[in-house]
Structures are given as C-alpha cells and as structure tokens.
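First the structure, in the form of structure tokens, and then the observations on it.
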Amino acid sequence: MEPVIIVLIILVVLVFIALIKTIQVIPQASAAIVERFGRYTRTLNAGLNIVVPFIDTIRNRIDLREQVVPFPPQPVITQDNLVVNIDTVIYYQVTDARAATYEVASYIQAIEQLTVTTLRNIIGGMDLERTLTSREEINAALRGVLDEATGKWGIRVNRVELKAIEPPTSIQDSMEKQMRADRDKRAAILQAEGVRQSEILRAEGEKQSQILRAEGEAKAAALRAEGEAQAVRTVFEAIHAGDPDQKLLSYQYLQMLPKIAEGDANKLWIVPSEIGDALKGLSGAMGNFGGMGGGSGNSGPNNNGTDRREKPSID
C-alpha cells in the first residue's frame, strides 16, 4: 500500500502545480506575453487568465503605466564649439506589449541612445545663448523625433524635459560677470532716471510756485490800486459834497506839507497853482500868516500852471 500512497501524493502535487500554472492573475495596468513552444500565442490582459500548463509559458510581464526615466548628463557640442552637459528626463508609456517585447531587444536602452543622438543633432545647430533660452523648442523637437521612432516599438513618448544645461565653468563665470554688469547698468539707469524725474518735478513745483506767487502779487497790487482809487473817489466825492472854499483847502494843504517834505531825498516838489491861490486867499484872511502867503521870489507860477518850491536843505 505504501507505493500506492506515494504515487497518489505525487499525483496530487502534480495536479496542484498544474492548477497553479493554469491560472494566471495579471495585475491592473499590466500585460503578459504568452508563448507556446517558443512562439508568441497571445497577450494576457489584467484579471484572471487560463493557460495550458507545461505548454504555454509567460515570456514577459510589462507595466503599462507611464514611466519616468532620467538619463545621465550627456556632453553635447553647440554650434559655437562649446561643450555643455545636458540632463534629460523621458516620460514614456508602453502601448503595445507584443511590439515592446519582440520589436526591440531593450527599449529603455534604445530610447536612451536615440535621445542622445537626437539631442546632439538639435543642439549642434544652436549656439550657447539660444540653447539656454530655447528649452521648450528643444523639448518639442526631441519629443517629435522620439515619438516617431518609438511608435513601431509599441512605445509612446509623452514628454521630454531638459533637467539641466550646464555650460563650462569659464563660460559660467563670464555669464555671471555679464549678468552682474547688466544689473549694475540697469540700477544706474534707474537711479539716473529717478534723479532726473525728481529734478523735473522740483523744477515744475518751483515754476508753479513762482507763477502762483506772481499771480497773487498781481491780484494784491490790483486790489490795492482799486482800493486806493476807491479811496480817492470817496475823498473827492466827500470834498465836492462838502463844497469847501479856498481857506479850507489852504488849511488842509498846510497840514499835508510835513508829510510831503518827509525824507532826505525830497529836494524839490511841485505845487499846483490853485493851491498858491488858496494860500494867498488864506493869507489875506489871516493877517498873521501874510509873510507865508507872499512867499519867496521863486514861488510864482511857471508856464505849466504849477509852482516849483525847493525844500530847504538841512545840513
């Protein structure tokens, strides 16, 4: 009985192994390549799959999700014969598991080499300055070439990014000096513009201030003149309203003489002839002032109808 039991145990083990090999569970977003006697049979999709044990074999399991592969820095020569190191990052996705398995031996290595050669062709037609400022253009050109070449491999290149562009150390130092000089130049220009604008605003302010001051003085002079004219009119009207005689006019003139004679520079003043007649009338009325009414010889009227009297100088 013991040999029979051993055979049964062996059969159970073989059946269990066959069941395990028959049932294949493929995870989501994955695919498996099945070969029968070394020849491609079918592609297993996600879920539970049944295969023929010991006849069908799983050749390859492929992840269908988008993959990110960074490539090491590659030396590239620009159009102006400068060597720059460029890091690239490729975002790709397997769309056909069969083509990715049988059309290329190693699609990762193939994508890397294709990226390097394409990048050298693109950068070789650009100078350093354009290379540093045209990342989007380089990315688009590189992606177009890679997507077209990898299509037959069952690969779709979604994005290509230049992670870093490193020029030589000497060029980096020169660029830093140039950028520093440009910043200093812009700062000096901005400072000069600020000073110029400040001077313009200050001059405009002084101009407006002088204009306003002149307008104020003109208005004040006009108001003073108008006030003096109004005062003269008022006095004139008051005098005519009072109907003064020559005696009153002579008396008022005598009161104004000290004010007319004020100041050391007043050597000569003009006296109207009518005032002289008033003084004569006043002297005739007031006997005590007869000498003042008679006056000196130079108090007579001139041809212009006015009297010229010279102020006695006090030394």
Side-chain angles (χ1 to χ4, degrees), residues 29 60 62-97 99-200:
N60 192 13
I62 298 176
D63 195 344
L64 300 179
R65 295 174 296 178
E66 185 175 7
Q67 304 293 322
V68 181
V69 179
F71 295 144
Q74 298 295 329
V76 181
I77 300 176
T78 61
Q79 188 178 13
D80 46 357
N81 296 324
L82 293 175
V83 179
V84 294
N85 293 323
I86 300 180
D87 295 351
T88 55
V89 179
I90 304 296
Y91 296 81
Y92 73 93
Q93 186 176 9
V94 177
T95 57
D96 188 351
T101 302
Y102 295 105
E103 295 296 334
V104 62
S106 175
Y107 56 83
I108 296 296
Q109 186 178 0
I111 292 175
E112 180 180 1
Q113 296 302 318
L114 183 60
T115 301
V116 172
T117 55
T118 305
L119 193 60
R120 287 177 178 174
N121 291 334
I122 296 173
I123 300 300
M126 299 181 177
D127 56 10
L128 179 61
E129 184 176 359
R130 185 181 175 189
T131 300
L132 295 175
T133 58
S134 303
R135 290 198 177 193
E136 294 297 331
E137 181 181 353
I138 297 172
N139 292 340
L142 191 60
R143 179 185 177 279
V145 174
L146 289 176
D147 196 20
E148 182 179 359
T150 58
K152 62 181 180 179
W153 301 340
I155 307 294
R156 182 177 67 245
V157 178
N158 296 326
R159 294 178 63 187
V160 179
E161 295 291 342
L162 299 183
K163 188 167 61 174
I165 300 177
E166 297 179 359
T169 306
S170 59
I171 300 299
Q172 291 182 5
D173 296 338
S174 300
M175 292 172 62
E176 290 178 359
K177 292 179 181 179
Q178 182 179 1
M179 293 176 62
R180 189 179 301 110
D182 290 339
R183 287 195 297 268
D184 294 340
K185 178 181 177 181
R186 289 195 297 269
I189 291 174
L190 291 176
Q191 185 176 2
E193 288 291 338
V195 172
R196 175 175 172 271
Q197 190 67 24
S198 175
E199 293 295 333
I200 292 174

Original post:
Does atom CD of E199 have more than 12 heavy-atom neighbours from other groups under 6.0 Å away?
Top reply: yes

Subject >> 4.5 Å side-chain heavy-atom contact, V94 and Y107 >> reply: yes

Original post:
Looking at Y91 and E161, what are the two nearest heavy atoms and their distance?
Top reply: CE1-CG, 4.1 Å

Subject >> Inter-residue atom distance L64.CG - D96.CG, 0.5 Å rounding >> reply: 9.5 Å

Original post:
Taking S198 for the side chain and G194 for the main chain, is one N or O donor matched with an acceptor at less than 3.5 Å?
Top reply: no

Subject >> Beyond-backbone contact of P73 with K163, side-chain heavy atoms, under 4.5 angstrom >> reply: no

Subject >> Minimal non-hydrogen separation, D147 against I155, with atom names >> reply: OD1-O, 4.4 Å

Original post:
What do the steps show when you test M126 against I138 for side-chain contact (heavy atoms from CB on, under 4.5 Å), and what is the final call?
Top reply: CA-CA 10 Å; M126 299 181 177; I138 297 172; 3.9 Å; yes

Original post:
Can you tell me how far CG of L190 sits from NZ of K185, rounded to the nearest 0.5 angstrom?
Top reply: 12.0 Å

Original post:
Can you name the nearest heavy-atom pair linking R130 to G125, along with the distance?
Top reply: NH1-O, 4.1 Å

**OP:** Run the numbers on T150 and Y92 for side-chain contact (heavy atoms from CB on, under 4.5 Å), then give the verdict.
**Re:** CA-CA 10 Å; T150 58; Y92 73 93; over 6 Å; no

**OP:** Would you check, one step at a time, whether the test side-chain contact (heavy atoms from CB on, under 4.5 Å) holds for F71 with I111?
**Re:** CA-CA 10 Å; F71 295 144; I111 292 175; 4.0 Å; yes

**OP:** Indicate the atoms forming the closest heavy-atom contact of V76 with R120, along with that distance.
**Re:** CG1-CA, 3.9 Å

**OP:** Give, for atom CD of E148 and atom CG of L114, the distance between the pair rounded to the nearest 0.5 Å.
**Re:** 10.0 Å

**OP:** Answer yes or no: does atom CD1 of I77 have more than 12 heavy-atom neighbours from other residues, nucleotides or ligands under 6.0 Å?
**Re:** no

**OP:** May I ask you to decide whether E193 forms a salt bridge with R196, counting only side-chain N to carboxylate O separations under 4.0 Å?
**Re:** yes

Subject >> Sole candidate of V84, T131, L82, V83 that passes side chain to side chain contact (heavy atoms under 4.5 Å, CB included) when paired with P167 >> reply: V84

**OP:** State the CZ-CG distance between R143 and N158, to the nearest 0.5 angstrom.
**Re:** 6.5 Å

**OP:** Please indicate whether Q93 has more than 12 foreign heavy atoms, meaning atoms of other residues, nucleotides or ligands, lying under 6.0 Å from its CD.
**Re:** yes

**OP:** Drop me the distance from T88's OG1 to L162's CG, to the nearest 0.5 angstrom.
**Re:** 7.0 Å

Original post:
Can you tell me how far the CG atom of L132 sits from the CD1 atom of I165, to the nearest 0.5 Å?
Top reply: 6.0 Å

Original post:
What is the minimum heavy-atom distance between V157 and I90, and which atoms define it?
Top reply: CG1-CG2, 4.2 Å

Subject >> I122 versus L142, closest heavy-atom pair with distance >> reply: CD1-N, 3.7 Å

Subject >> Minimum side-chain heavy-atom gap D127-T78 below 4.5 Å >> reply: no

